Amino acid sequence: MAPTPSFSDSSSLFNFVVVEGNGVKGLVDTGLSEVPQQYVQPPQERIDKLNAILNQNPPIDLSKLDGPDHDKVVEEIAGAAQNLGFFQVVNHGVPVELLESLKSAAHKFFSQPPEKKAIYCKGVSPSSLATYGTSFAPEKEKALEWKDYISMIYTDDAEALEFWPKQCKEVALEYVKTSTNMVRKLIEVLMGKLGVTLDDEKMDALTGYKMINMNFYPTCPNPELTVGVGRHSDLTAVTVLLQDGIGGLYVKVQGNAEAEKKSEWMEIPPIPGALVINIGDTMQILSNGKYKSAEHRVGTTSTQSRVSIPIFVIPKPTEKIKPFPQVVERDGVALYKEVVFEDYMKNFFGNAHEGKKSLDFARII
C-alpha cells in the first residue's frame, strides 16, 4: 500500500481532492482514520440521526391513476407536494431490474482508478454533457461535502451514448427515457390541481432539460461530523431519486409558529423498488408557493459506501418562469418575479448550499 499522503495545509488537500480529481474516494483510499478538518461541519449543520423523526407515509401507487382510485391518488400527490414537497412512488413504470442495474453501474464507475474518472473533470472533460466532481461548490463552501459525483446532461440519445461514461451511459439513458412518462403524469396531476393545462410545447419548455447524476458517498470514519450533501432545495420542476438500500436522506418538516411546532428533520428510509419524488424550486415558483420545494440533506455512514441517482427535470435554459397567471389571479398577489431559467441556474450553481436561499433570486420581497 502506498504511504498516506501528508496534507500539510488546506490547499494541498483541496488540490488532491478537487483539482487533481481524486475525490473523497481517493481520500478514503489513502487509509485516513479521521475526517480532515475541511470536512467537519459546524455543529448546527450536522445530522442528528437519533432526533430525526422517521417517515411513516406509505408510497403512492401510481398505477392507480388509471383506475377507480384516480381522484384519491391525485389528492395524495397534490397533498404531499403542498405539505412536505416530497413523496415516494411505486408501480411507476421504471423496471426494478433497471434500478438495480443503475446502482451497479454507479459503483462500477466510482471504483475506477482516479485518473479514469478525472478525465471528466470540469475544464478537461471532452464534453460539457459529462462532468465529474466532488462536493457541490467546493470553492465556496465553508465545509466540504463528503460526496463525489458524475453529472450527465441529456440532449438526445446519440450525444448521451457518445459523451457519457461507458460504465453507465446505456443504463443511465434508459433510466431517463423510462421515467419520462411518469414525470409527465405527475406534472399533469400537479398542474391540474392548480387549474392549469399545459400543451405539449409548454410541457417541453418546462421539463425538457434533464440532468442525471450518480452520487457516491464513500464510507466515512466520523459520519457524525460530516454531511454527504448539505441542506438545500433542488432547482427543478421535480426530481426523481433512486436511493440504494442503505439510505441517508433527510427532509425538513416545516414548523408552525401558531401551533408552537418547531421544524424537524424526517429520515426517509428506502423502500425496495420505490422512487423518491422531490418538488423543486421551479414548481414552487410556478405554483406561486402552493407547492413547496423540499429542503433536504444527506448523511454519511461508516459501514459501507452508498450511491444515489437523481434525475433533475428542469426547464430549458431560455425559458422564462414565473407564477402561472391563473394562480396569481386566484391568490391576488404574485410571490415571485419572472426570471430566465438560465439566470436562476447560474445563481444556484454559483453558491454553496444554504437551505432554500436559492429561491430568494426569484422572490418578490
Side-chain angles (χ1 to χ4, degrees), residues 81 85-86 122 127-131 133 136-137 149-157 159-160 163-164 172-173 175-191 194 196 198-215 229 232-242 275-296 308-324 336-351 353 356-363:
F86 120 94
K122 194 174 183 180
S127 168
S128 60
L129 301 181
T131 307
F136 177 71
Y149 67 86
I150 179 74
S151 181
M152 297 165 279
I153 295 171
Y154 176 75
T155 48
D156 59 45
D157 293 10
E159 288 196 322
F163 295 114
W164 292 3
L173 179 59
Y175 182 34
V176 170
K177 292 169 72 172
T178 56
S179 65
T180 300
N181 188 45
M182 171 192 66
V183 168
R184 186 183 180 98
K185 280 185 178 180
L186 291 172
I187 299 289
E188 287 174 346
V189 165
L190 293 170
M191 293 298 104
L194 295 176
V196 173
L198 301 181
D199 59 25
D200 287 346
E201 185 180 358
K202 190 65 174 177
M203 176 72 81
D204 185 53
L206 292 175
T207 65
Y209 192 89
K210 296 180 177 70
M211 184 164 53
I212 174 171
N213 275 26
M214 288 185 165
N215 298 326
V229 182
H232 70 289
S233 54
D234 293 343
L235 79 167
T236 56
V238 295
T239 303
V240 179
L241 173 71
L242 170 63
L275 290 167
V276 176
I277 307 298
N278 278 357
I279 301 299
D281 291 352
T282 295
M283 187 63 75
Q284 181 161 333
I285 292 168
L286 295 174
S287 69
N288 204 36
K290 183 179 178 72
Y291 299 135
K292 308 293 191 297
S293 58
E295 183 174 345
H296 56 288
S308 68
I309 306 165
I311 300 174
F312 302 109
V313 180
I314 57 180
K316 293 183 174 179
T318 54
E319 182 69 7
K320 294 175 181 176
I321 61 169
K322 64 178 181 178
F324 288 116
Y336 304 96
K337 63 187 177 185
E338 181 178 87
V339 295
V340 177
F341 192 71
E342 187 171 25
D343 295 336
Y344 195 89
M345 283 177 76
K346 286 177 181 174
N347 178 71
F348 184 89
F349 287 109
N351 293 286
H353 284 145
K356 293 182 66 168
K357 192 172 174 56
S358 51
L359 271 166
D360 290 349
F361 186 80
R363 203 184 304 273

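All figures in this text were calculated on a predicted structure; none of them were measured in a lab.
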Exercise for review: From the options Asn181, Val183, Val189, select the one residue that forms a side-chain contact (heavy atoms from CB on, under 4.5 Å) with Lys185.
Suggested key: Asn181
Exercise for review: Apply side-chain contact (heavy atoms from CB on, under 4.5 Å) to the pair Val176 and Met152, showing each step before the final yes or no.
Suggested key: CA-CA 11 Å; Val176 170; Met152 297 165 279; over 6 Å; no
Practice item. Show the numbers, then the answer: is there a side-chain contact (heavy atoms from CB on, under 4.5 Å) between Thr282 and Thr236? Key: CA-CA 5 Å; Thr282 295; Thr236 56; 5.7 Å; no
Could you pull out the closest heavy-atom pair between [X] and [Y], with the gap in Å?
X: Pro310; Y: Thr239; answer: CB-CG2, 3.9 Å
X: Met345; Y: Tyr209; answer: CE-CE2, 4.2 Å
X: Asn351; Y: Asn347; answer: ND2-O, 2.8 Å
X: Leu286; Y: Lys322; answer: CD2-O, 3.4 Å
X: Tyr175; Y: Val240; answer: OH-O, 3.6 Å
X: Leu241; Y: Ser308; answer: CD1-CB, 3.9 Å

Check your understanding: With under 30° as parallel and over 60° as perpendicular, where do the rings of His296 and His232 fit, or are they tilted in between?
Key -> tilted
Point to revise | Electrostatic pair Lys202:Glu319 at N-O distance under 4.0 angstrom | key: yes
Review point. Is it true that Asp343 and Lys320 have a side-chain N and a carboxylate O under 4.0 angstrom from each other?
Key: no
Whether [X] side chain and [Y] backbone form a donor-acceptor pair below 3.5 Å:
X: Trp164; Y: Glu159; result: no
X: Tyr344; Y: Val339; result: no
X: Gln284; Y: Ser293; result: yes

How many angstroms lie between [atom1] in [X] and [atom2] in [Y], if you round to the nearest 0.5 Å?
X: Phe361; Y: Leu235; atom1: CZ; atom2: CG; answer: 11.5 Å
X: Ile212; Y: Ile150; atom1: CD1; atom2: CD1; answer: 11.0 Å
X: Glu342; Y: Ile314; atom1: CD; atom2: CD1; answer: 10.5 Å
X: His353; Y: Ser233; atom1: NE2; atom2: OG; answer: 8.5 Å
X: Leu129; Y: Thr155; atom1: CG; atom2: OG1; answer: 5.0 Å
X: Lys337; Y: Ile285; atom1: NZ; atom2: CD1; answer: 10.0 Å

Practice item. Kindly check if the number of other-residue, nucleotide or ligand heavy atoms within 6.0 Å of NZ (Lys357) is above 12? Key: no
Check your understanding: Does Lys292 NZ have over 12 foreign heavy atoms under 6.0 Å away?
Key -> yes
Heavy-atom distance under 4.5 Å between the side chains of [X] and [Y], does that happen here?
X: Val196; Y: Leu190; result: no
X: Thr180; Y: Lys210; result: yes
X: Met191; Y: Leu194; result: yes
X: Asn213; Y: Phe312; result: yes

Practice item. Verify salt bridge (Lys or Arg N to Asp or Glu O under 4.0 Å) between Asp281 and Arg363, making sure each step is shown before the conclusion. Key: CA-CA 11 Å; Asp281 291 352; Arg363 203 184 304 273; over 6 Å; no
Exercise for review: Run the numbers on Asn288 and Phe324 for side-chain contact (heavy atoms from CB on, under 4.5 Å), then give the verdict.
Suggested key: CA-CA 7 Å; Asn288 204 36; Phe324 288 116; over 6 Å; no
Check your understanding: Does the ring-ring contact (aromatic ring centres under 6.0 Å, His included) test come out yes or no for Phe341 and Phe348, once each step is laid out?
Key -> CA-CA 10 Å; Phe341 192 71; Phe348 184 89; 9.1 Å; no
